[in-house]
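FYI, side chains are in, hydrogens and waters are out, and symmetry mates aren't considered; it's all heavy atoms of this structure. Each chain gets a letter, A, B and so on, in the order its sequence line appears, and its residues count up from 1. All values derive from a computational prediction rather than experimental measurement.
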Amino acid sequence: MSTYDKLLDVQRVTAVFHIGSIIGGTRLVAVNDVSFSLDRTRPEIFTLAGESGSGKTTLARLLLHDLEPTSGAVIFEGRDLATIKSRKDTLEFMKKVQPVFQNPFETFSPLRRVEDYLYDTAINFGRAKNRRMASVVVDEALHLVGLSLEEVTRRYPHELSGGQLQRVSVARALIPQPRLLLADEPVSMVDASLRMAIVNLFRKLRDEQQVSVIYITHDLATAYYISDRIAIMLRGLVVESGPVNEVLDRPLHPYTQVLKESVPEPVPEQRAQWIRPIDLGTTEVKEYARIGCKFAGRCPRVMDICRQTNPPDIHVEGRIVKCYLYQGQESS
Amino acid sequence: MALLSVQNLRAYYRTEVYGISRIVRAVDGVSLELQRNEIYGLAGESSCGKTTLIKVISGTIKPPLRVEEGKVHYQFGSFEIDMLHISPEDLRRNVRWKEISYIMQGSMSVLNPVRRVITTFYDIVTTHQGYTDRKAFLGQVRAHISKLGLPPDVLNLYPHQLSGGMRQRVAIALATIFQPSLIIADEPTTALDVVVQRGVLQMLKEIQAESNNTVLLVTHDLAVHANVADRVAIMYAGRIVEEAPTSLIFNAPRHPYTQHLIRSLPMIGDRSSRASLPGAPPNLANPPGGCRFHPRCPHVMDICRVEVPEMMTLPGNQRVACHLLAEGRR
Ligand SMILES: Nc1ncnc2c1ncn2[C@@H]1O[C@H](COP(=O)(O)OP(=O)(O)OP(=O)(O)O)[C@@H](O)[C@H]1O
Ligand SMILES: Nc1ncnc2c1ncn2[C@@H]1O[C@H](COP(=O)(O)OP(=O)(O)OP(=O)(O)O)[C@@H](O)[C@H]1O
Ligand SMILES: [Mg+2]
Ligand SMILES: [Mg+2]
């Protein structure tokens with residue numbers, strides 16, 4: 001498949017942050033040599049899940065051209081994002097790739113009314129010429145997420161609940177009619193029913209509007225429900241990726257296994273299992289800086305080699321796993 | 001005697017924009033009791049008033065929020081307080097941190113990014129209750145932290161050096177240092193991965209089991225309630241529609257809203273379609289009359305449109321506000 005067949009092609013991207021003082025500081029590889037691609041003609045929902053602080057949001061920033069990779073490249077519709085410089089190109093790109101962020105309180109300035117963001121988006125991206133015409137577009141987008149213009153009119157962010165605000169930001173992202181939606185924890189602040197409304201909406205956008213979605217979430221049950229493929233991140237690395245049912249029905253990487261086992265089930269009778277004590281990593285920086293597999297310090301199946309070198313990508317059982325346990329079992 | 005008794009509480013946001021006044025009826029007739037030594041889970045619609053209810057219960061009411069009606073009464077051992085009439089001074093000196101700790105929604109940001117964890121906490125505590133002996137205080141904090149199995153060096157780090165889960169565990173540890181009678185946690189694990197969430201909630205449960213106090217845990221995540229709570233209350237549009245021991249909520253929900261919520265939960269291994277509720281969520285500035293759920297209820301009857309259903313207590317300590325029960329149809 002040439003790059004041209006791809007909507008998005010992420011080629012070995014790495015993002016390094018320097019934290020602390022210049023002298024005593026450390027390097028933190030927040031995204032570490034990550035590659036994957038999305039097909040151009042077959043839209044899909046691709047989930048990024050994994051540990052808190054593992055680099056998911058940073059990866060999303062790279063894909064949104066909001067952060068330059070330290071190395072590697074992000075290609076969208078055949079064009080390297082690094083070459084997008086002019087205002088016109090940027091606007092054109094933003095029209096096709098729209099974000100929905102994790103914390104809606106940070107997305108919206110407390111000093112602006114939320115409806116103004118929606119009107120601006122409709123006008124800036126050419127969906128409407130003026131405010132009056134935009135109101136139709138805005139109301140339509142709000143209805144898709146279970147709100148109405150009447151409800152948000154004249155309101156400031158603090159006058160809406162977290163869930164309402166999050167739905168407003170999904171509505172805003174839909175206004176330019178994007179090809180790719182980058183949704184960073186779009187449902188973490190909403191109730192179970194709305195959660196289904198939003199993920200069902202993603203499914204509908206994929207099936208009926210040809211929109212691909214990169215869905216970043218901690219909610220593996222909704223990930224299983226809507227996505228086609230999933231990538232599990234740990235300390236900057238994608239440690240396991242493949243079709244969502246393969247990966248979540250039978251996780252191979254010991255971290256994915258712990259992750260799946262920790263998903264709470266809505267069954268009170270099974271709680272004894274879930275509240276069994278578990279081992280957590282402590283400070284982020286330490287695990288990021290670890291030599292060898294980042295999970296070695298907590299892995300129930302750790303071997304000597306895991307503490308010495310980083311495990312390579314191993315292709316096994318229809319997916320890619322970074323774990324020495326599967327060395328020698330590669331499928332061709 | 002219950003630790004906390006809330007009676008017919010109404011708390012509204014009254015705002016005025018461009019001469020148009022708006023009243024958001026965020027808490028509108030809530031009654032509940034929290035017992036000693038229990039974990040009480042509160043779930044419900046987004047924006048149904050959970051955080052508002054907690055603000056009133058914890059005495060952190062600020063305009064435009066106003067209590068219109070009702071009682072919030074605490075019985076801490078031998079001393080009791082009326083939360084709606086307590087002086088701010090009394091609240092700060094004798095109640096906050098000592099009797100009631102409130103871990104706010106988004107509390108990850110409570111820790112000051114440019115100060116060490118311990119310094120932030122010392123500041124919070126001193127402003128709240130004039131604690132002066134720094135050395136004794138530090139000793140107490142260290143002992144508490146290590147008892148909970150957290151590494152003692154976390155106190156000397158800056159918040160950004162801690163993982164999100166560790167930050168949240170530190171926040172909970174610090175909030176429980178004076179062994180409060182009531183710990184209120186609003187969405188304490190929403191931003192965390194499930195492994196870390198599990199660790200944080202385990203810690204919260206251990207603290208509760210050890211000191212036999214009461215935890216009020218607010219989260220959307222029903223699966224969390226299934227694993228942690230002793231009782232669960234479900235809120236819809238400013239009111240509690242159902243409350244019951246956890247296993248009844250999940251195995252025999254009686255209110256159509258609860259029934260819908262439980263059915264809408266996806267599970268790994270099952271991709272069958274899950275529906276969301278039809279219709280729009282209620283607008284609390286102009287809520288539907290009668291039962292607030294009636295426009296979206298699959299079992300709606302004429303009476304639901306005009307009369308607010310009373311809370312009825314069923315066997316097994318299950319409380320439900322739904323006309324279907326009075327009609328004896330379910
Ligand atoms: N601008 C920045 N400067 C320095 N470090 C950063 C910056 N942004 C993120 N980091 C660090 O990079 C790591 C990855 O962060 P990121 O926000 O991408 O994780 P995440 O997977 O989105 O986490 P979460 O699940 O909590 O949202 C973390 O250790 C974080 O503290
Ligand atoms: N300062 C305010 N001024 C006006 N209205 C407000 C204010 N704060 C909250 N509201 C409104 O009060 C209602 C209840 O909000 P609240 O934050 O209590 O809901 P919640 O149940 O905690 O929601 P979430 O699940 O999203 O956290 C919402 O309709 C919200 O828009
Ligand atoms: Mg993130
Ligand atoms: Mg809230």
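Checked against side chain to side chain donor-acceptor pair (under 3.5 Å), B:Thr51 has the following partners two or more places apart in sequence or in another chain: B:Gln105, B:Asp186.
B:Asp193 places a side-chain N or O within donor-acceptor distance of the main-chain N or O of A:Ser52, the cut-off being under 3.5 Å. The main-chain N or O of B:Leu277 is found under 3.5 Å from a side-chain atom of A:Ser193 such that the two form a donor-acceptor pair.
In this structure, chain B has a heavy atom under 4.5 Å from the backbone of A:Ile226, while its side chain stays farther away. Only the side chain of B:Asn251 comes within contact range of chain A, with heavy atoms under 4.5 Å apart. For a residue to count as touching a neighbouring chain, one of its non-hydrogen atoms must lie under 4.5 Å from one of that chain's; by this rule A:Gln273 touches chain B with the backbone only.
Within the structure, every pair that satisfies the salt bridge (Lys or Arg N to Asp or Glu O under 4.0 Å) test and touches residues 42-51 of chain B, not counting sequence neighbours, is listed here: B:Glu45-B:Arg296. Within the structure, every pair that satisfies the salt bridge (Lys or Arg N to Asp or Glu O under 4.0 Å) test and touches residues 228-238 of chain B, not counting sequence neighbours, is listed here: B:Glu38-B:Arg231, B:Arg231-B:Glu243.
Remark: B:Thr189 OG1 to A:His218 NE2 distance equals 10.0 Å, nearest 0.5 Å. Between the NE2 atom of B:His260 and the CE atom of A:Met196 there is a distance of 9.5 Å, given to the nearest 0.5 Å.
Residues of residues 244-254 of chain A that come within less than 4.5 angstrom of chain B, heavy atom to heavy atom, are A:Val244, A:Leu248, A:Asp249 in numerical order.
For the residue pair A:Gln270 / B:Asn227, no side-chain donor-acceptor distance below 3.5 Å is found, with atom types taken as modelled.
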